[in-house]
Asker: 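Take a look at the following structure, please.
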Amino acid sequence: MTVKSEKKQSVAIVGLGLIGASLALALRDKYHIVGCSRSRKTEEYALSRGMAHEICPIDKLRGVDCVVVCTPLWVLKDTVKAVYESVGDSAIITDVGSVKGILKGMPGRIVGGHPMAGTEHSGIEAAKEHLFENACYCIVPYENSANKDVEFVTEIARAVRAKPILLTCEEHDRLAADFSHMPHAAAYALAETSVGDNVSIAGSGFMDCTRIAGSDPDFWTEVFKLNRDNVLCSLNSYMSELNKMRKLMEKGDYDALKEILKSAQSKRNKLAAARSADSDLSLSVDVKDEVGSIGAVASLLMRGGVSIANIRILDSREGVGGALMLEFPTVYDAKAAKAALKDAGYAVW
Ligand code: NAP
């Protein structure tokens with residue numbers, strides 16, 4: 001590193017793509033940011049947009065307080081090795097990889113990290129300062145991680161306005177298999193199974209269930225490879241549940257089948273309620289059941305310059321108090337939306 005800020009702690013970011021550059025944007029006021037890329041063009045872009053205070057090659061990083069490795073999964077381990085060869089034990093090394101088992105047993109002051117946020121876009125130009133706001137940020141200490149290093153990485157998660165959650169490496173990879181990796185496999189399978197020549201009745205339910213099958217196959221093949229055992233275990237559980245339902249249908253035991261559906265419905269409803277109660281990024285709004293009511297809400301917010309990430313029509317008003325669930329990319333949008341809707345006389349929760 002060539003220049004070191006006197007006052008601020010320094011964080012180097014290796015791999016200035018969607019996640020790396022978004023972290024740089026979110027951290028640049030609090031930390032001295034050192035950008036690290038294999039491409040001159042990316043470096044120039046980062047400097048010209050103020051994403052990094054300085055640029056430095058990996059082998060000159062000694063002197064920074066922490067290095068965040070944000071390269072793709074297939075080069076993550078090698079990048080961490082190269083960083084360790086450069087900084088040794090002088091800096092904390094953390095990463096943002098979607099599978100945590102890959103860094104287990106590596107030398108250095110490593111603390112795993114995984115911000116649970118992203119978009120379908122990649123590269124530095126897709127970066128957003130608010131990407132991590134309100135998202136869960138998994139912090140994964142390894143056997144030799146020191147408490148003060150774990151606290152430093154936790155502070156990074158807080159600084160990007162995410163919600164840090166401490167997990168062991170095993171817990172992370174198992175939960176990630178259940179809630180992210182296996183559902184991606186299921187969505188790919190569903191799209192592969194049902195989408196044929198005639199898609200005329202594919203509606204919003206099918207599109208919801210297969211949305212994540214639009215994700216990058218290179219990335220997901222790598223995830224399935226790196227978290228293979230956990231993904232296989234989650235897939236086995238899912239397939240056994242499907243088999244159970246198939247057998248009950250074969251037997252004509254619809255009472256037992258309904259019990260499974262009721263149990264799943266109740267679990268899903270509890271999850272949705274807990275998430276919306278917990279979120280500063282969504283709200284429910286009561287609208288009349290008439291043509292144009294969704295358009296009226298959307299136009300009102302558009303006129304107020306509010307960005308909407310998602311609009312969902314709730315099937316039931318029970319216990320929610322509104323018929324439209326709106327989700328926003330930032331808490332600022334959510335607050336502005338709430339104020340604008342209330343001013344216009346809507347009941348908002
Ligand atoms: P990305 O936008 O493609 O950025 C990765 C960056 O790494 C690239 O812009 C590139 O920057 C650099 N890079 C690419 N190939 C490289 C190579 N072979 N060697 C060295 N550097 C290379 O990807 P991303 O979405 O930010 O993902 C990065 C990491 O974040 C992954 O480990 C992923 O598991 C994790 N993650 C992603 C998401 C998500 O939804 N996208 C969410 C959570 C975590 P330069 O060419 O400019 O150096």
Side-chain angles (χ1 to χ4, degrees), residues 12-27 33-49 51-52 55-59 61 67-83 85-86 93-103 110 112-140 153 156-157 160 162-165 167 172-173 175-177 179-181 183-184 211-227 231 309 329:
I13 297 183
V14 178
L16 291 164
L18 169 70
I19 300 294
S22 297
L23 281 175
L25 283 170
L27 294 173
I33 303 295
V34 182
C36 224
S37 165
R38 54 184 184 159
S39 137
R40 184 85 205 119
K41 202 170 145 221
T42 305
E43 292 177 347
E44 279 164 9
Y45 188 96
L47 280 177
S48 70
R49 305 287 161 124
M51 289 170 164
I55 293 295
C56 178
I58 289 189
D59 58 1
L61 277 178
V67 184
V68 190
V69 178
C70 303
T71 50
L73 276 179
W74 43 92
V75 285
L76 190 67
K77 201 168 172 180
D78 286 344
T79 317
V80 168
K81 254 188 218 161
V83 169
E85 277 162 21
S86 171
I93 304 174
T94 184
D95 75 311
V96 294
S98 310
V99 180
K100 306 287 13 126
I102 34 177
L103 299 187
I110 301 184
H114 180 202
M116 309 286 288
T119 72
E120 63 277 33
H121 305 294
S122 59
I124 192 165
E125 290 176 21
K128 288 180 181 181
E129 186 166 351
H130 299 301
L131 185 67
F132 309 105
E133 221 172 72
N134 250 13
C136 161
Y137 197 126
C138 304
I139 311 286
V140 179
V153 178
I156 286 183
V160 300
K163 294 177 179 166
I165 164 167
L167 294 172
H172 173 278
D173 286 356
L175 287 171
F179 287 99
S180 170
H181 306 171
H184 273 79
R211 182 180 61 80
I212 52 180
S215 309
D216 178 10
D218 287 337
F219 175 78
W220 282 99
T221 307
E222 195 65 15
V223 170
F224 296 152
K225 186 170 108 186
L226 293 171
N227 200 21
V231 179

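Note that ligands are numbered from 1 as they come in the structure, with each ligand's atoms numbered from 1 the same way. For this chain, numbers begin at 1 and follow the sequence in order.
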Asker: Could you tell me if any non-hydrogen atom of Phe219 lies under 4.0 Å from any atom of ligand 1?
Answerer: yes
Asker: Hey, looking at atom 12 (C) of ligand 1, which of Gly17, Ala46, Pro72 has the closest heavy atom?
Answerer: Pro72
Asker: Who gets closest to atom 25 (O) of ligand 1 by heavy atom: Ile13, Thr42, Ile19?
Answerer: Ile19
Asker: Give every residue pair that meets the salt bridge (charged side-chain N to carboxylate O under 4.0 Å, His left out) criterion with at least one member in residues 71-83, sequence neighbours excluded.
Answerer: none
Asker: May I ask whether atom 32 (O) of ligand 1 is less than 4.0 Å from at least one protein heavy atom?
Answerer: yes
Asker: For atom 42 (C) of ligand 1, which candidate among Ala117, Ser98, Gly118, Ser180 provides the closest heavy atom?
Answerer: Ala117
Asker: Is there a heavy atom of Leu76 sitting under 4.0 angstrom from any atom of ligand 1?
Answerer: no
Asker: Mind checking whether Ser37 contacts ligand 1 via backbone (N, CA, C, O), side chain (CB onward), both or neither, at a 4.0 Å heavy-atom cut-off?
Answerer: both
Asker: How does Thr71 reach ligand 1, by side chain, by backbone, by both or by neither, if only non-hydrogen atoms under 4.0 Å count?
Answerer: both
Asker: Where's the contact between Pro115 and ligand 1, heavy-atom distance under 4.0 Å: side chain, backbone, both or neither?
Answerer: backbone
Asker: Is the contact between His114 and ligand 1 made by the side chain, the backbone, both, or neither, using heavy atoms and a 4.0 Å cut-off?
Answerer: side chain
Asker: Which heavy atom of the protein is the closest neighbour of atom 35 (C) of ligand 1, given with residue, atom name and distance?
Answerer: Val96 O, 3.3 Å
Asker: Looking at Lys41 and Glu44, does any basic side-chain N land under 4.0 Å from a carboxylate oxygen?
Answerer: no
Asker: Name the closest protein heavy atom to atom 2 (O) of ligand 1, giving the residue it belongs to and the distance to 0.1 Å.
Answerer: Gly123 N, 2.6 Å
